[in-house]
> 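Let me begin by handing over the structure; questions about it come next.
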Amino acid sequence: MAELREALKNAGGVPLLFSRCLTILAFLSVSMTAGAQTISIVSPTASTVSSPVHVVANFSSTAQIESISVVLDGAEVAQPQAVTPLDIQVPMSAGNHTLTINAVQSDGLQLFASRSVDVSAPVASMSTSSTSSATTVPDPGIAMSTSGGTSSISHIEEKSGWYMYPDQGNPNCSSKPTLISSPSLDGTSGRFHLDPTGQFNNCLWPIKLGTSSATHFKLETSFQLSSPWSSQGVEFSSNKHIGTKWYKFSVQCSYYKGVFSVWDTLGSQWVATSIPCKRPAANTWEHLTVQTEINNGKAVFLSLTHNGVTHTINKSFNPKSGTSSNSFGVHVQMDGNRSGDSYYAWVDNLKITLW
């Protein structure tokens, strides 16, 4: 009888052990699956921001997102549509806050991510300066810093208000820059996408930043390309209206020509400089600074600094006439090649300084 009990014990041990193994494997599988689902807060970064705060988040999820909520200091402040990525403006008072984004997947899994946010004084309090010789007023939602007679707007790639239109051809382009955390220099960059449908298709993305009486401008940016061999060139520009006169300070790095070109606004044509512009390596940051001014009624290109090397331009052009305005802004353009290859451009630390 003892032998029989021992045999039954041994026989029952196998399925029991097998059942326990299956339970452990199932638990590990669920844990791994749950661990793969994440929310990544791309904006705001850890630096101080102004209200309203541009909140952008990406979702790494294998199931559909059913609901999203935005929580500020423990209180829900927004429940936007379950459209990913999340991209909304959230009003916040000055001071330190804890921003939390919650989401629920269709399978019931709950996701969340939090970030500490330092909010400066409202934009309206920084929009003017009694000591400034050039009055500059940013558009709503555009944070601006002012020191003496100089105003600057930083991280323009992170701002709302970008829009797109094809400059040539009929390409499929991103409607605005997509904010991502990598690659980036400061934690957030704007990714532009050009997907041509033919030869030499171009896309241009402008953003209006405010109004100003300034006549001196400095545009700075860093950028990199996913596949430089797919690009005919890239273009960065600041522009300014004074009354009915439109001044456009566009600079193009033309890989086909191998030099930088500047824009003749009235003549509607590119004018080549002798400043070299070689096709960069893929996924390598390039840095560009352009100094310009309005002098004697003309758009004057003063100098260009490319990857730390400064070159004098000293070219000037007449403006075009249009409707009366004192607005200013910037734009980014991607140029397609003969083969119609698609590629990405990442733009970071895009900044304009005016005085």
Side-chain angles (χ1 to χ4, degrees), residues 39-59 65 67-104 111-128 136-146 151-164 174-181 184 186-192 205-212 327-332 346-352:
I39 299 176
S40 175
I41 300 177
V42 179
S43 176
T45 57
S47 58
T48 303
V49 295
S50 296
S51 181
V53 177
H54 192 193
V55 177
V56 179
N58 292 326
F59 296 75
I65 298 296
S67 66
I68 299 173
S69 63
V70 179
V71 177
L72 190 65
D73 301 328
E76 184 176 298
V77 294
Q79 192 170 26
Q81 292 184 337
V83 177
T84 59
L86 174 69
D87 190 337
I88 62 172
Q89 297 284 340
V90 179
M92 298 186 192
S93 60
N96 182 264
H97 300 279
T98 300
L99 172 69
T100 303
I101 299 175
N102 297 316
V104 179
L111 313 176
F112 76 94
S114 294
R115 172 168 293 178
S116 178
V117 182
D118 288 315
V119 180
S120 64
V123 172
S125 67
M126 302 189 300
S127 62
T128 61
T136 300
V137 180
D139 280 350
I142 301 295
M144 184 183 77
S145 61
T146 299
S151 299
S152 62
I153 298 174
S154 303
H155 307 295
I156 300 173
E157 72 280 357
E158 301 179 26
K159 309 300 184 188
S160 298
W162 288 92
Y163 59 99
M164 179 278 296
S174 52
S175 60
K176 59 183 179 179
T178 300
L179 299 188
I180 60 174
S181 56
S184 70
D186 60 3
T188 305
S189 67
R191 186 187 67 189
F192 298 83
W205 293 266
I207 180 171
K208 181 179 174 292
L209 299 172
T211 59
S212 178
S327 66
F328 71 96
V330 302
H331 80 237
V332 175
W346 291 273
V347 176
D348 206 350
N349 292 328
L350 181 58
K351 177 182 179 180
I352 187 171

> Where do I39 and A103 come nearest, in terms of heavy atoms and distance?
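I39 and A103 have their closest heavy atoms at CD1-CB, 3.9 Å.
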> Kindly give the heavy-atom pair with the smallest separation between M92 and V117, and that separation in Å.
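Smallest heavy-atom distance, with atoms named: SD-CG1, 4.4 Å.
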> Between CG of D139 and CE of M144, what distance do you get to the nearest 0.5 Å?
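D139 atom CG to M144 atom CE measures 11.0 Å (nearest 0.5 Å).
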> Would you name the heavy atoms of L350 and E157 that are closest together and state the gap between them?
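What the structure gives for the nearest pair is N-OE1, 3.0 Å.
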> What's the spacing between L179 CG and S40 OG if we round to 0.5 Å?
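With rounding to 0.5 Å, CG (L179) is 11.0 Å from OG (S40).
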> Please round to the nearest 0.5 Å and tell me the distance separating atom CD1 of I153 and atom OG of S212.
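Nearest 0.5 Å value for the CD1-OG distance: 9.0 Å.
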> For the atom pair CD (E158) and OG (S43), what is the distance rounded to the nearest 0.5 Å?
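The distance works out to 5.0 Å.
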> Going through the checks in order, is the side-chain contact (heavy atoms from CB on, under 4.5 Å) test met by V330 and W162?
CA-CA 10 Å; V330 302; W162 288 92; 4.3 Å; yes
> Determine yes or no for a side-chain-to-main-chain donor-acceptor pair under 3.5 angstrom, with S327 supplying the side chain and G210 the backbone.
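No, S327 side chain to G210 backbone: no donor-acceptor pair under 3.5 Å.
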> In sequence, state the C-alpha distance, the side-chain angles, and the governing distance for D186 and H155, and then conclude on side-chain contact (heavy atoms from CB on, under 4.5 Å).
CA-CA 10 Å; D186 60 3; H155 307 295; 3.0 Å; yes
> Would S184 and S189 count as having a side-chain donor-acceptor pair, cut-off 3.5 Å?
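Per modelled atom types, S184 and S189 side chains form no pair under 3.5 Å.
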> Between S152 and K351, does a side-chain contact (heavy atoms from CB on, under 4.5 Å) hold up when you go through it step by step?
CA-CA 7 Å; S152 62; K351 177 182 179 180; 3.8 Å; yes
> Side chains of I65 and L111, heavy atoms from C-beta outward: is any pair under 4.5 Å?
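They are in contact (side-chain heavy atoms under 4.5 Å apart), so the answer is yes.
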> Grab the two heavy atoms, one from P206 and one from Y163, that are nearest each other, plus how far apart they are.
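Minimum heavy-atom separation between P206 and Y163: CD-O, 2.9 Å.
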> Might you point out which heavy atoms bring I41 and A113 nearest each other, and give the distance in Å?
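Taking I41 first and A113 second, the nearest heavy atoms are CD1-O, 3.8 Å.
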> How close do S114 and T98 get, counting heavy atoms only, and between which atoms?
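For S114 versus T98, the nearest heavy atoms are CB-CG2, 4.5 Å.
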> To the nearest 0.5 Å, what is the distance between CG on N96 and CG on D118?
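It comes to 4.5 Å.
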> Test side-chain contact (heavy atoms from CB on, under 4.5 Å) on F112 and V71; report intermediate values, then the result.
CA-CA 10 Å; F112 76 94; V71 177; over 6 Å; no
> What side-chain donor-acceptor pairs closer than 3.5 Å can you find for residues 79-91, not counting sequence neighbours?
{"residue": "D87", "atom": "OD1", "partner": "H54", "partner atom": "NE2", "Å": "2.6"}
{"residue": "D87", "atom": "OD2", "partner": "K176", "partner atom": "NZ", "Å": "2.9"}
{"residue": "Q89", "atom": "NE2", "partner": "S160", "partner atom": "OG", "Å": "2.4"}

> Is W346 reaching over with its side chain to a backbone N or O of I180, donor-acceptor style, under 3.5 angstrom?
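Not confirmed, W346 side chain does not pair with I180 backbone.
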> Could you tell me the separation between the CZ atom of R115 and the CG atom of L99, rounded to the nearest 0.5 Å?
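These two atoms lie 8.5 Å from each other.
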